Amino acid sequence: MVKKFYITTPLYYVNASPHIGHSYTTIAADCLARYMRQAIGKDNVWLLTGTDEHGQKIERAAQAEGLNPKEFVDATAVQFKELWKALNIFYNDFIRTTEERHVKTVQRVLEILFEKGQIYPAKYEGWYCTPCETFWMQTQLKDLTCPDCSRSLEKISETNYFFRLSEHQDWLMKYISAHPDFIKPSSRYEEMARFLELNKLEDLCISRPKERMGWGIPLPFSPDHVTYVWFDALINYISAVGSFDDKGKYESQWWPADLHLIGKDILRQHAVYWPIMLYALGLELPKTIFAHGWWMIGQDKMSKSRGNVVNPIDMVNKFGVETYRYFLLRDVPFGLDGSFSEESIIKRFNGDLANDLGNLVYRTLTMIEKYFDGNIPERGVFVKGKQAELIEEKINLINKNGIGLSPSVITDCNFSAALKEVWEIINMANKYIEDTKPWNLIKENKTDELKGFILVLVDAIREVAIQIHSFMPQTSESIIEQLGKDKIKKGKPLFPRIV
Ligand code: ME8
């Protein structure tokens, strides 16, 4: 097991309000961070999130609102913080790329790389996609539309600064092939390996002339230019947790990151630009980059420009934060795309949460109330049937080996499989109640059997509460509280059915 765990989310653009896609990555990161805090101690885990606040997209969004960029980003960054609060996200640090600690580090990185000859000026001609903030060479284009998003491109000709990506392609290819855990899941690993085999990297244009786009971090060696937003933003992962000394040596308690969680849309920047930037700086690489799939609305990716954005706060108001977190992590395996709809949330709610989990807890507490005056029976030697033994075996196994019966389910971000495993206990316990028919035990005065039966259920519920803690912290705590130590404190049903 690792000794420390530094996990990051992307820094989200503040050109628009947060949507469910943003909440997905952050909830997943929160779940892993909570899990790791339990596993290795809370002081050994660092969860970083934040906002990406420079660049043309944001400058234009500010203009459209009639605000200056700083006023605009201040207002949107707050929305992200508010959302994380509403979603019960427990982060250690929230970095904004307009903060001085970040600006200083970016400028230091630029200086170091410039002095090393890794950044150089050159005349640039090419095509630019504003929404993607990406340059394209004529040779990369079929027509004058962006190969990524199909929107129209702008012709650009100017002097800019370039970072020597191309020089390090061989090194990166060797690194990736020697480190199968560097990019996950394996489909994304293959995608990047193939991309590097089939394409020759071009040097990366890392500046923008101020006269065209002024909203960025000034280059220390050329006051007429600001830094390209991607080059700026990636550096947050080191600027938030350390700094460079006078000699250019980077000091940090947390770096390298153990896990960069991202969506598959920004894999290339993380798996190509970022490792090469770090290598050129002489810094260690993150251990793993995990790129998850997309939430789609019908057949379409959710995006502001398509006008199909779902606001996470609306979902929380409708279904509750715990259901929302559960749904996102349970419904779709983390690496794959999923289709988002309220109907699917309602289905999970009524089935997994109300019928399975909620019902198990409610029924068990009601029986303890009715048969034992609310006191949990004392432990003793009771005759057990096969079903009880199987449940106990399962509890012990999960307790010993972790939720997916192996810790890798969590480190491989297999949230859905982990929850499925926990639900097996729930389903076994519910079936055990139905098969045992406790009212008959009462009729036949089989008090010892009844005690044994209740204790198996109490153990099952307690284990479930522990295992779902990182996913649904409030539900877990509420179950533990209702179960009490010796005497139960029955509350309202956890998940009253949505009809
Ligand atoms: O790309 N489904 O920011 P961004 C799932 N600032 N996840 C989604 C999603 C969807 N439909 N839409 C967005 C940027 N995401 C840069 C990142 S990092 C140094 C800079 C999530 O606001 C997913 O994590 O466009 C995706 O990678 C990220 O939001 C993109 O957020």
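In this chain, residues are counted from 1 in sequence order. These numbers were taken from a predicted model, which means no experiment stands behind them. All ligand and atom numbering here is 1-based and tracks the order in the structure.
There is a side-chain donor-acceptor pair under 3.5 Å between Asn160 and Ser207. Using modelled atom types, one finds no donor on one side chain facing an acceptor on the other under 3.5 Å when comparing His225 with Glu158. In the model, His54 has no side-chain atom that pairs as donor or acceptor with a side-chain atom of Glu59 under 3.5 Å. Residues Gln138 and Trp127 have side chains that bring a donor and an acceptor to within less than 3.5 angstrom of each other.
Ring orientation note: the planes of Tyr6 and Trp254 are tilted relative to one another, at an angle of 30° to 60°.
Exactly one of Thr25, Thr49, Thr51 qualifies for a side-chain contact (heavy atoms from CB on, under 4.5 Å) with Pro10. That residue is Thr25.
Nearest protein neighbour of atom 9 (C) of ligand 1, counting heavy atoms only, is Gly21 CA, 3.4 Å. The protein non-hydrogen atom at the shortest distance from atom 19 (C) of ligand 1 is Tyr237 OH, 3.6 Å. Protein heavy atom at the shortest distance from atom 11 (N) of ligand 1 is Trp295 O, 3.1 Å. Taking atom 23 (C) of ligand 1 as the reference point, the nearest protein heavy-atom neighbour is Thr25 OG1, 3.5 Å. Ile266 CG2, 3.4 Å is the protein heavy atom nearest to atom 1 (O) of ligand 1. With respect to atom 25 (O) of ligand 1, the closest heavy atom belonging to the protein is Tyr13 CD1, 3.6 Å. Scanning the protein for heavy atoms near atom 17 (C) of ligand 1, the closest one is Leu11 O, 3.2 Å.
Considering only non-hydrogen atoms, atom 27 (O) of ligand 1 lies nearest to Asp265 out of Asp265, Val14, Ile262. Nearest residue to atom 5 (C) of ligand 1 from Pro10, Gly338, Gly293 is Gly293 (criterion: closest heavy atom).
Each of the atoms 6 (N), 16 (C), 20 (C) of ligand 1 lies under 4.0 Å from some heavy atom of Asp52. Near His270, meaning under 4.0 Å from one of its heavy atoms, ligand 1 places the atoms 18 (S). Close contacts between ligand 1 and His22 involve ligand atoms 4 (P), 22 (O), 29 (O), 31 (O) [criterion: under 4.0 Å to a heavy atom]. Shown in contact with Ala233 at under 4.0 Å from a heavy atom are these atoms of ligand 1, numbered in order with element: 19 (C).
In this structure, Lys264 does not count as a contact residue of ligand 1, since none of its heavy atoms falls inside 4.0 Å of the ligand. The closest approach between a heavy atom of His19 and any atom of ligand 1 is below 4.0 Å. Heavy-atom separations between Met296 and ligand 1 are all 4.0 Å or longer.
A heavy-atom distance below 4.5 Å is found between the side chains of Leu259 and Cys413. Side-chain contact between Tyr237 and Trp274 is present, with at least one heavy-atom pair separated by less than 4.5 Å.
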| request: Decide yes or no on side-chain contact (heavy atoms from CB on, under 4.5 Å) for Leu261 and Thr9, but give the supporting numbers first. | output: CA-CA 5 Å; Leu261 265 197; Thr9 74; 5.6 Å; no
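In this structure, Lys174 places its NZ atom where only 12 or fewer heavy-atom neighbours from other residues, nucleotides or ligands lie under 6.0 Å away.
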